[in-house]
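First comes the structure, then the notes that go with it.
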There are 2 protein chains.
Amino acid sequence: MKGEAVNVDISIDAAGSIAPDLCPVRPLLDRMADKWSLLVIARLAEARGRRLRFSELMRAVGGVSQRMLTTTLRNLERDGLVIREVFAEVPPRVEYELTERGKSFLIPVRTLIGWLEANWPDIQRNRELYDKNE
Amino acid sequence: MKGEAVNVDISIDAAGSIAPDLCPVRPLLDRMADKWSLLVIARLAEARGRRLRFSELMRAVGGVSQRMLTTTLRNLERDGLVIREVFAEVPPRVEYELTERGKSFLIPVRTLIGWLEANWPDIQRNRELYDKNE
DNA sequence: CCGGATCCGTCGCGATACTG
DNA sequence: CAGTATCGCGACGGATCCGG
C-alpha cells in the first residue's frame, strides 16, 4: 500500500478549469519532474533527429550517473517518448531518439519554461523579500 | 553541500530550443511538481477570486495533511503565487487567494495538462505493451 | 482554527563495483 | 560500451501531539 490513493490526479474540463480525476496526470507529472527526464529529452531534441549513443547522451547531459541515465531512458521508452535501438555488435552500441510524441512534448515544456523565464526575476525578488522578513 | 550543483537547470534560447543554465528553472520546477502545489493552485483558481480559508482549502484539496498544506502554501506565498491574509480573530481566520502571477501560471499548466490528456491513452497502451514484454 | 514541533518510514538518487 | 547489482544517505511527506 502507498498512501491510499488520495485525490492526486489533475485534469482540465471543457471550460478550461482544472479538475481532479479525469485522467491520472500525476504519474506522468512525477516522471517529467524527476531529476533527469527533461534534460535527457532536451539533449535528444537538440540533436534534431540525429540519434545519440548512451555514452554520448551521458556526456551531453552531464553529471548523470549510469544508473540514473539508464532508468530515466527506460521510463521514457516505456511512455513512448523515446526509441531505443540496440545493435548486436562488440562493443555494444545503443542509440536513442525522440519519438513524435516525445517531440510534441516539447511544446508544453517550452510554454512552461517560457513562463518561468518571464517570471523568474520577480519570483526571486519576492523570495528575498519573504526570507528577509523571516 | 548537496550534490555539487550539476547541470540541472534548463532554459530555452531565442531559437526555442532547450538549453541549460540560462535561468534556474529547476528550483521552480521542483516546487511545481511537489505533491500538492498544483492541486492547491487548482482549487484556488476554481474559486475565481473568492478567497478560501485554510480549512476550506484543506477539504477542497482532499487527502492533504495540515502540515503539508501549510508548507505548500508558505512556499507558494514565498514565490508570490498566493496571497495569505491573517485576521486577528478568535478563532483565527486565514484566507488564501491567487495573485495575478499565480493566475498566469495556470496558462502553462493548462498547456501541459492538455498535452497529457491528449496523450494519456496512447501512453497507457505503450506502457502495457512495454510491461508485457518483460 | 490554524498552524508549529517532533518522530519516523519511504524512496529517489548517488557511489561504487561488477559483467557480457 | 552499455548496462546491472548492491549499498547507503538525505529529503519528502504522513501521523501525531501540542499551543495561541
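Chain A is the first sequence line, chain B the second, and so forth, proteins listed ahead of strands; every chain is numbered from 1. Keep in mind it's a predicted model, so treat the numbers as computed, not measured.
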Nearest to the side chain of [X], heavy atoms from C-beta on, is which of [options]?
X	options	answer
A/Met68	C/dC13, D/dG3, D/dG20	C/dC13
B/Ser55	D/dG13, D/dA5, C/dC1	C/dC1
A/Asp34	C/dG3, C/dC13, C/dC1	C/dC13
B/Arg74	C/dG3, D/dG3, D/dG14	C/dG3
B/Pro92	C/dC1, D/dC1, C/dC13	C/dC1
B/Arg53	C/dC2, D/dG3, C/dT6	C/dC2

Just the rounded figure in Å: distance from [atom2] of [N] to [atom1] of [X].
X	N	atom1	atom2	result
B/Glu95	C/dG3	CD	C1'	16 Å
A/Met58	C/dA15	CE	P	10 Å
A/Gln66	D/dT4	CD	C1'	10 Å
B/Leu69	D/dC12	CG	P	17 Å
A/Glu56	D/dA2	CD	P	9 Å
A/Asp30	C/dC13	CG	P	10 Å

Next item on the list: Report yes if a side-chain nitrogen or oxygen of B/Tyr96 is closer than 4.0 Å to either non-bridging phosphate oxygen (OP1 or OP2) of C/dG3; otherwise report no.
Entry: yes
Next item on the list: Give the C-alpha distance, both sets of side-chain angles, the deciding distance and a yes or no for side chain to side chain contact (heavy atoms under 4.5 Å, CB included) between B/Leu98 and B/Val82.
Entry: CA-CA 4 Å; B/Leu98 282 187; B/Val82 156; 3.9 Å; yes
Notebook entry, point to check: Hey, are A/Glu128 and A/Arg125 close enough for a salt bridge, meaning a charged N less than 4.0 Å from a carboxylate O?
Noted result: no
Notebook entry, point to check: If you find the nucleotide of DNA chain C closest to B/Arg67 and the one closest to B/Phe54, which residue's nucleotide is nearer the 5' end?
Noted result: B/Phe54
Notebook entry, point to check: When you match A/Ser65 and B/Arg84 each to their closest nucleotide on DNA chain C, which lands nearer the 5' end?
Noted result: B/Arg84
Note to self: Regarding A/Phe87, tell me which of base, sugar-phosphate or nothing describes its non-hydrogen contacts under 4.0 Å with the strands shown.
What the structure shows: nothing
